[in-house]
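First listed ligand is number 1; within each ligand, the first listed atom is number 1. The model shown is predicted, which means the values in this text are computed figures rather than measured ones.
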Amino acid sequence: MAMVRRLVPEDGEALRMLRLEALRLHPEAFGSSHAEESARPVETFAEWTTRGYIAGGFVDGRLDAMAGLSVPGSAKQMHKGMLWGVYVRESRRGGGLAEAVMDAVLGHAGTQVEQVHLSVAATNVRAFRFYRRLGFEPYGVEPRALKVNGGYVDELLMVKVLDRRTGRPSPGGPQSSHAI
Ligand SMILES: CC(C)(COP(=O)(O)OP(=O)(O)OC[C@H]1O[C@@H](n2cnc3c(N)ncnc32)[C@H](O)[C@@H]1OP(=O)(O)O)[C@@H](O)C(=O)NCCC(=O)NCCS
């Protein structure tokens with residue numbers, strides 16, 4: 001049975017395992033590296049759950065999906081949320097768990113910020129289509145955003161403007177991909 005909830009410090013070890021799997025299997029999809037994060041103690045991962053919002057998707061009690069939101073501390077930027085760490089174990093993809101976790105993050109974002117930003121590797125067609133379906137719109141490209149094993153990765157920049165009451169696109173903002 002699937003369940004989505006906010007992660008808490010007690011989830012630190014499960015978060016560490018999921019995050020390290022993501023970084024090991026998809027080095028081009030994330031800004032951090034397996035080498036850097038595997039050196040961090042479990043307390044670091046536990047602390048992440050209190051510093052920002054991380055939604056976890058559990059199936060039969062195991063953490064199988066995650067998505068995080070961080071909000072800048074500076075006054076001129078705190079209307080923007082940054083989505084990070086979106087990951088679903090391969091065996092759970094295509095089954096709606098990713099969307100359930102994103103619903104939780106965007107619902108929370110709707111109470112905190114006016115828009116949510118993300119970056120996605122330009123070659124990551126699956127993730128790009130997923131984000132489009134959820135109403136994110138591309139607005140630019142960062143060339144050579146990451147350098148992974150000597151090769152460069154361009155990233156697409158995407159944004160979703162929220163109606164703060166619903167977490168859905170505001171009437172004046174970009175509409176969902178279905179409406180384009
Ligand atoms: C990105 C991710 C969270 C999406 O979750 P998911 O369960 O795979 O998403 P869904 O299956 O609901 O949607 C994926 C979309 O890609 C499509 N798709 C499926 N397999 C695909 C493939 N091999 N190539 C391209 N598109 C594909 C699906 O049809 C769907 O598109 P649609 O909504 O237009 O029909 C998940 O694939 C994942 O964890 N990937 C590895 C890590 C990653 O890339 N994270 C994102 C970092 S920015």
Asker: Is Ala22 close enough to touch ligand 1? Criterion: a residue heavy atom under 4.0 Å from a ligand atom.
Answerer: no

Asker: Counting heavy atoms only, which of Arg133, Glu155, Glu90, Glu99 is nearest atom 12 (O) of ligand 1?
Answerer: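 Among Arg133, Glu155, Glu90, Glu99, the closest heavy atom to atom 12 (O) of ligand 1 belongs to Arg133.
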
Asker: Do the side chains of Asp64 and Arg62 get close enough for a salt bridge, i.e. N-O under 4.0 angstrom?
Answerer: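 The answer is yes: the pair qualifies as a salt bridge.
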
Asker: Just by modelled atom types, is the Ala14 backbone N or O under 3.5 Å from a matching donor or acceptor in the Asp11 side chain?
Answerer: no

Asker: When you compare ligand 1 with Val88, is there at least one nitrogen or oxygen pair between them that comes in under 3.5 angstrom?
Answerer: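 Yes; at least one N/O pair falls below 3.5 Å.
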
Asker: Have a look at Arg126, Arg93, Met102, Met66 and point out the one with the heavy atom closest to atom 41 (C) of ligand 1.
Answerer: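 Considering heavy atoms of Arg126, Arg93, Met102, Met66, the nearest to atom 41 (C) of ligand 1 sits in Arg93.
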
Asker: Looking only at heavy atoms, which two atoms of Ala121 and Val153 are closest? And how far apart?
Answerer: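 Result for this residue pair: CB-CG1, 3.7 Å.
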
Asker: Checking contacts now, so for atom 3 (C) of ligand 1, which I'm interested in, is there any protein heavy atom under 4.0 Å?
Answerer: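 Under the 4.0 Å cut-off, atom 3 (C) of ligand 1 does have protein heavy-atom neighbours.
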
Asker: Among Val86, Leu134, Leu118, which one puts a heavy atom closest to atom 46 (C) of ligand 1?
Answerer: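 Nearest heavy atom to atom 46 (C) of ligand 1 lies in Val86.
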
Asker: Please report which non-hydrogen protein atom sits nearest to atom 44 (O) of ligand 1, along with the residue it belongs to and the distance in Å to one decimal place.
Answerer: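 Of the protein heavy atoms, Asn124 ND2, 2.7 Å lies nearest.
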
Asker: Regarding Arg19 and the six-membered ring of Phe30, is the cationic atom NZ or CZ under 6.0 Å from the ring centre and inside 45° of its axis?
Answerer: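 Geometry flag: set, cation within 6.0 Å and 45°.
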
Asker: Quick one: do Lys80 and Glu114 make a salt bridge, cutoff under 4.0 Å?
Answerer: no

Asker: Could you check whether Glu37 pairs with Arg16 (Lys NZ or Arg NE/NH1/NH2 to Asp/Glu carboxylate O, under 4.0 Å)?
Answerer: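 A salt bridge is absent here (no side-chain N lies under 4.0 Å from a carboxylate O).
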
Asker: Can you report which non-hydrogen protein atom sits closest to atom 31 (O) of ligand 1, along with the distance?
Answerer: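 Answer, as residue, atom name and distance: Arg129 NE, 3.3 Å.
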
Asker: In the protein, what heavy atom is nearest to atom 48 (S) of ligand 1, and what distance, to one decimal place, separates them?
Answerer: Tyr131 OH, 3.3 Å

Asker: Show, in sequence, the C-alpha distance, side-chain angles and deciding distance for Arg89 and Glu21, and conclude whether the salt bridge (Lys or Arg N to Asp or Glu O under 4.0 Å) test is met.
Answerer: CA-CA 8 Å; Arg89 285 192 212 272; Glu21 176 184 300; 2.6 Å; yes

Asker: Could you check which of Ala100, Ala65, Ala98, Ser119 puts a non-hydrogen atom nearest to atom 5 (O) of ligand 1?
Answerer: Ala98

Asker: Can you tell me if Glu36 and Ser33 form a side-chain donor-acceptor pair at under 3.5 Å?
Answerer: yes

Asker: Looking at ligand 1, is there an atom of it that comes within less than 4.0 Å of some heavy atom belonging to Phe128?
Answerer: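 It does not, in that no heavy atom of Phe128 comes within the 4.0 Å cut-off of ligand 1.
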
Asker: Below 3.5 Å, N or O to N or O, backbone or side chain included: is there any such pair between Gly94 and ligand 1?
Answerer: yes

Asker: Specify whether the nearest protein heavy atom to atom 9 (O) of ligand 1 is under 4.0 angstrom away.
Answerer: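 There is a protein heavy atom less than 4.0 Å from atom 9 (O) of ligand 1.
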
Asker: Look up atom 25 (C) of ligand 1 and tell me if a protein heavy atom lies less than 4.0 Å from it?
Answerer: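 Yes, there is a protein heavy atom closer to it than 4.0 Å.
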
Asker: List the closest protein heavy-atom neighbour of atom 47 (C) of ligand 1: residue, atom name, distance to the nearest 0.1 Å.
Answerer: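 Looking only at protein heavy atoms, the one closest to atom 47 (C) of ligand 1 is Ala29 O, 3.7 Å.
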
Asker: What are the two closest non-hydrogen atoms of Pro138 and Arg132, and how far apart are they?
Answerer: CD-NH1, 3.5 Å

Asker: In the protein, which heavy atom is nearest to atom 42 (C) of ligand 1, and how far is it?
Answerer: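 Checked against all protein heavy atoms, atom 42 (C) of ligand 1 sits closest to Tyr87 CD1, 3.7 Å.
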
Asker: Between Phe136 and His117, does the ring centre distance come in under 6.0 Å?
Answerer: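 No, ring centres 6.0 Å or more apart.
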
